[in-house]
Amino acid sequence: VLRSNYELQRSLGAKVLFLKVDELATRFPWLNCQGLVAGCYGVEGEGWFDPWLLLSAFRKKAKSMGVHFCHGSVSGVVRDGFRVSGVRVQPEGDKNQSSGVYAVDCDYLVNCGGPWAANIAAMAGGGEGVSFSKAENPYRIDWEQEPRLS
C-alpha cells in the first residue's frame, strides 16, 4: 500500500522519497523505527496545519458576529417539552458556585462534549423517553416523539 501511494504521489508531481528503514534511521535518528519497513518523506511543497491557529480564527470571527464564549462545564440542560431551550454552565475553576451559573438560552444545542457527551445528553432527559446511542464518535439522540424545532 505504501509503495502504491508513493507511486501515485510521484505520478501527480509530488516530490517524495521512498525510504527503507535503514534510510529512515539515518535521516531521522530520533525516529523509533522498530517495526517499520519503509516510509515516505515529502522533500518539498509540503503543507502544514496549525489547529490552534484555525480555532483562534474561528473564535475571532464568531466573536465579531456576537458570539459570547463562557468557559466552564455544562451543569444542566433546560427543556421545554421535547425541545432543548437552554443550558446551565458552571464557570471553570468555580466548583463552589460562588460566582453563580451561566444560564444560556438556545434554539439549538450542539453537543460537543467529547468524552462527556453522553453525560450532557443524559441531562437533556435520559430516562424520559429519550435514548442515546454512540455512532462512531458522535452521539445520536432518539426521542419517542418528534422534538419541536421552533
Side-chain angles (χ1 to χ4, degrees), residues 1-19 24 27-28 30-32 35-36 38-150:
V1 173
L2 183 62
R3 176 65 79 174
S4 64
N5 287 343
Y6 163 76
E7 296 296 342
L8 174 63
Q9 291 173 16
R10 294 278 298 177
S11 73
L12 295 172
K15 305 278 194 260
V16 292
L17 297 174
F18 187 90
L19 303 172
L24 283 170
R27 188 178 285 258
F28 308 104
W30 45 263
L31 184 65
N32 179 357
L36 297 181
C40 287
Y41 173 67
V43 178
E44 65 180 52
E46 289 290 307
W48 58 275
F49 177 73
D50 183 341
W52 184 254
L53 186 61
L54 179 63
L55 175 64
S56 297
F58 283 144
R59 287 177 54 92
K60 183 176 180 180
K61 179 62 176 177
K63 285 180 179 182
S64 78
M65 298 174 73
V67 171
H68 171 74
F69 289 89
C70 56
H71 300 278
S73 301
V74 174
S75 60
V77 174
V78 180
R79 287 182 29 191
D80 178 15
F82 283 97
R83 183 180 160 276
V84 171
S85 59
V87 294
R88 291 187 194 97
V89 179
Q90 180 65 48
E92 187 174 295
D94 188 19
K95 300 300 180 194
N96 296 323
Q97 300 183 359
S98 61
S99 63
V101 174
Y102 291 105
V104 182
D105 294 331
C106 64
D107 293 319
Y108 302 95
L109 173 62
V110 178
N111 182 353
C112 300
W116 302 275
N119 296 340
I120 295 169
M123 291 178 203
E128 299 175 31
V130 182
S131 62
F132 308 96
S133 59
K134 186 174 185 225
E136 301 220 3
N137 289 327
Y139 285 84
R140 187 183 74 227
I141 302 174
D142 297 313
W143 277 272
E144 288 178 358
Q145 298 179 10
E146 186 72 25
R148 276 189 340 217
L149 297 178
S150 60

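These figures come from a predicted structure and were not determined experimentally. Sequence positions, counted from 1, serve as the residue numbers for this chain.
Residues meeting the side-chain contact (heavy atoms from CB on, under 4.5 Å) test with V87, sequence neighbours left out: V77, V89, V104, L109. Considering only residues two or more places apart in sequence or on other chains, F58 meets the ring-ring contact (aromatic ring centres under 6.0 Å, His included) condition with none of them. Taking the side-chain contact (heavy atoms from CB on, under 4.5 Å) definition, one finds that V1 meets it with N5, sequence neighbours left out. With sequence neighbours excluded, the residues forming a side-chain contact (heavy atoms from CB on, under 4.5 Å) with D50 are W48, W52, L53, listed by chain and number. Applying the ring-ring contact (aromatic ring centres under 6.0 Å, His included) rule to Y102 yields no partners; only residues at least two apart in sequence or on another chain are considered. For L12, the side-chain contact (heavy atoms from CB on, under 4.5 Å) partners at least two apart in sequence or on another chain are L8.
Summarising the geometry, atom SG belonging to C40 is positioned 7.5 Å from atom CG belonging to L19; distances are rounded to the nearest 0.5 Å. With rounding to the nearest 0.5 angstrom, the CG atom of L55 is 13.5 Å from the NZ atom of K60. Separating the CD atom in Q9 from the NZ atom in K15 is a distance of 13.0 Å, to the nearest 0.5 Å.
Considering only heavy atoms from C-beta on, V74 stays 4.5 Å or farther from W116 through its side chain. For the pair L24 and Y41, the minimum side-chain heavy-atom distance is 4.5 Å or more. Within the 4.5 Å cutoff, no side-chain heavy atoms of R59 are placed close to those of S56.
The minimum heavy-atom distance linking Q90 with S75 is given by the pair N-OG, 4.0 Å. Summarising the geometry of R79 relative to S85, their closest heavy-atom pair is C-OG, 4.0 Å, with the distance given to 0.1 Å. Closest of all the heavy-atom pairs between K61 and S64 is O-OG, 2.7 Å.
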